[in-house]
Amino acid sequence: MIDQLDSLGEASLKQIQSAGSVDAIEQIRVSVLGKKGSLSQVLRGLAQVSAEERPKIGSVANQWKARLETAIEEQKATLEAGQLEARIKNEKIDVTAPGLLPHQGRLHPLTATTRKIVKALERLGFDTALGPEAETEILNFDAINISADHPARDMHDTFFVNPGVVLRTHTSPVQMRTMQSQPWPVRVLCAGAVYRCDHDATHSPMFHQIEGLWVDQKVSMSDLKGVLSYLLKELFGPDAEIRMRPSYFPFVEPGVEVDVRAKGLFKGDGWIEILGAGLVHPELFKFAGYDIKKAQGFAFGIGVERVAMLLHKISDIRHFYQSDSRFLSQF
Ligand code: PHE
């Protein structure tokens, strides 16, 4: 019976030491040491053994039981350490992996375009001027030669705020504000929002203009053309050409509409209207108190949206105002 115990013990020991997982060891423990396990079955045979041999066999059986239990604990510990090792290997954090970059904002295309125009003009010595968006009807119209019954008022679909106060329909009233507040020579630009009750794919009830005003002793159409051709080359590239067509704005005489043509800009013969300009009308000098025999000047007004749409080939003005990051992130 002792031989039987020894061979069972040896076999079980081998099984335990080669067990590959904690679960497998547990199964071996149950099948050998459990109540119905093989060791217990052998011990049940003790009843048939003589009384003097019984303690001897009992002690061998107990030794095996202890040895097997120790082996089980040891093998379990080894396997668990291995599992931990494997987990550490698998779950380790790669501190050298690149992090997630924070979302980065950028300039709105209208801001970028405004800055481009302003920077180019500042290089020529233009100062910046500001005026209110809620403007008096007098300065928005009357003072710059658009009397109450002037048909040009119909072209400006005006938003009225209070009696005598409108949302400025253009930045031209800043011409008058400037001339009223300082003697000539003046060289100012004014960038800002303007309002007209008009909206479709190319018109918005609020849009942006940049006004330029240059008054000095001898300022002519050729100065105007020189400044504008420089400005449009800065915007559309060195090969940009300009063309002036006679036009009418009450606050200038003569008045022109200016077209630009450049590589990559679209449309039929290539010319596209880009701004309005002209020589400051004597009526404005009179209103401002400038000497109309001595002061000469030119003024121009350019639409920021129009320039940005041409530069970036944007077909719908409404994209500018929707704060859609899919649109904005392209610039
Ligand atoms: N104020 C004119 C407009 O809004 C543009 C302009 C400005 C024209 C200055 C001539 C001189 O259409």
Side-chain angles (χ1 to χ4, degrees), residues 105-133 135 139 144 168 170-194 206-242 244 249 251-252 255-260 262 265 272-280 284-285 288 290 295-312 320 331:
R106 53 195 91 203
L107 287 184
H108 190 282
L110 292 181
T111 309
T113 305
T114 302
R115 289 196 186 174
K116 224 172 168 181
I117 298 171
V118 169
K119 261 198 190 142
L121 292 175
E122 277 176 345
R123 236 173 275 145
L124 299 184
F126 280 83
D127 289 328
T128 47
L130 288 173
E133 291 175 23
E135 182 59 282
L139 283 168
I144 56 172
R168 67 178 177 197
H170 50 182
T171 42
S172 298
V174 181
Q175 287 184 37
M176 188 51 72
R177 285 180 171 273
T178 303
M179 291 193 285
Q180 282 183 319
S181 67
Q182 65 189 80
W184 59 278
V186 295
R187 212 181 300 169
V188 294
L189 64 88
C190 167
V194 300
M206 187 276 307
F207 60 105
H208 300 83
Q209 286 187 334
I210 296 176
E211 191 87 9
L213 173 70
W214 182 317
V215 182
D216 208 330
Q217 227 168 30
K218 282 199 165 81
V219 177
S220 68
M221 285 299 274
S222 59
D223 295 313
L224 172 64
K225 187 166 183 184
V227 167
L228 292 180
S229 103
Y230 155 79
L231 176 63
L232 295 176
K233 279 183 204 298
E234 287 291 304
L235 291 178
F236 296 108
D239 67 325
E241 302 169 81
I242 78 164
M244 287 172 153
F249 302 96
F251 30 90
V252 287
V256 290
E257 267 169 343
V258 178
D259 299 340
V260 64
L265 286 187
I272 178 143
E273 187 200 323
I274 191 82
L275 57 86
L279 295 186
V280 179
L284 275 68
F285 286 152
Y290 282 10
Q296 291 182 344
F298 67 72
F300 61 87
I302 186 165
V304 178
E305 277 79 352
R306 189 158 176 78
V307 173
M309 286 171 87
L310 285 171
L311 278 179
H312 303 295
F320 290 127
F331 304 97

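- Rounding to the nearest 0.5 angstrom, the gap separating the CZ atom in Phe236 from the CG atom in Leu311 is 4.5 Å.
- Contact detail for Glu211 and Ser172: the closest heavy-atom pair is OE2-OG, 2.8 Å.
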- [ ] Please lay out, stage by stage, how Val260 and Ile272 fare under the test side chain to side chain contact (heavy atoms under 4.5 Å, CB included).
- [x] CA-CA 5 Å; Val260 64; Ile272 178 143; 3.7 Å; yes
Task: Worked check of side chain to side chain contact (heavy atoms under 4.5 Å, CB included) between Phe207 and Val304 - done: CA-CA 8 Å; Phe207 60 105; Val304 178; over 6 Å; no
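- Side-chain contact between Asp223 and Val227 is absent, with no heavy atoms from C-beta onward closer than 4.5 Å.
- Side-chain N or O atoms of Arg306 include none that pairs as donor or acceptor with a backbone N or O of Leu275 at under 3.5 Å.
- At least one side-chain heavy atom of Leu224 sits less than 4.5 Å from a side-chain heavy atom of Met244.
- Minimum interatomic distance between Val186 and Pro183 (heavy atoms only, all atoms of both residues): CG1-O, 3.6 Å.
- In this structure, Arg168 contributes its side chain and Gly131 its backbone to a donor-acceptor pair below 3.5 Å.
- Here the CG atom belonging to Leu284 is positioned 4.5 Å from the CE atom belonging to Met179, to the nearest 0.5 angstrom.
- With contacts defined as side-chain heavy-atom distances shorter than 4.5 Å, the pair Phe298/Met221 does not qualify.
- With rounding to the nearest 0.5 Å, the separation of CG in Leu139 from CD in Gln175 is 11.5 Å.
- More than 12 heavy atoms of other residues, nucleotides or ligands sit less than 6.0 Å from atom CZ of Arg123.
- Contact detail for Val256 and Gly278: the closest heavy-atom pair is CG2-N, 4.3 Å.
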- [ ] Start with the C-alpha distance between Lys233 and Ile242, add both sets of side-chain angles, then the distance that settles side chain to side chain contact (heavy atoms under 4.5 Å, CB included), and finish with yes or no.
- [x] CA-CA 9 Å; Lys233 279 183 204 298; Ile242 78 164; over 6 Å; no
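- Two residues are said to be in side-chain contact when any heavy atoms from C-beta on lie closer than 4.5 Å; Val258 and Lys225 fail this criterion.
- Within the 4.5 Å cutoff, no side-chain heavy atoms of Val215 are placed close to those of Thr178.
- Note that CG of Leu231 and CG of Leu235 are 4.5 Å apart. Values are rounded to the nearest 0.5 Å.
- In this structure, the side chains of Ile210 and Thr171 stay at 4.5 Å or more apart for every pair of heavy atoms.
- Across all non-hydrogen atoms, the minimal contact from Leu213 to Phe126 is O-CE2, 3.8 Å.
- In plain terms, the two heavy atoms of Ala240 and Leu232 that are nearest each other are CB-O, 3.8 Å.
- Considering only heavy atoms from C-beta on, Val194 comes within 4.5 Å of Gln209 through its side chain.
- Here CG of Leu121 is found 11.0 Å from OG1 of Thr128. Values are rounded to the nearest 0.5 Å.
- Side chain of Arg187 to backbone of Leu124: a donor-acceptor contact under 3.5 angstrom is found.
- Nearest heavy atoms, Ile274 versus Val307: CD1-CG2, 3.9 Å.
- Between the side chains of Ser220 and Gln296, no donor N or O sits under 3.5 Å from an acceptor N or O.
- Residues Val280 and Tyr290 are not in side-chain contact: their nearest non-hydrogen atoms beyond the backbone lie 4.5 Å or more apart.
- Here the two rings, on Phe320 and His208, have centers that are 6.0 Å apart or farther.
- Taking CZ from Phe249 and NE2 from His170, the interatomic distance works out to 10.5 Å, rounded to the nearest 0.5 Å.
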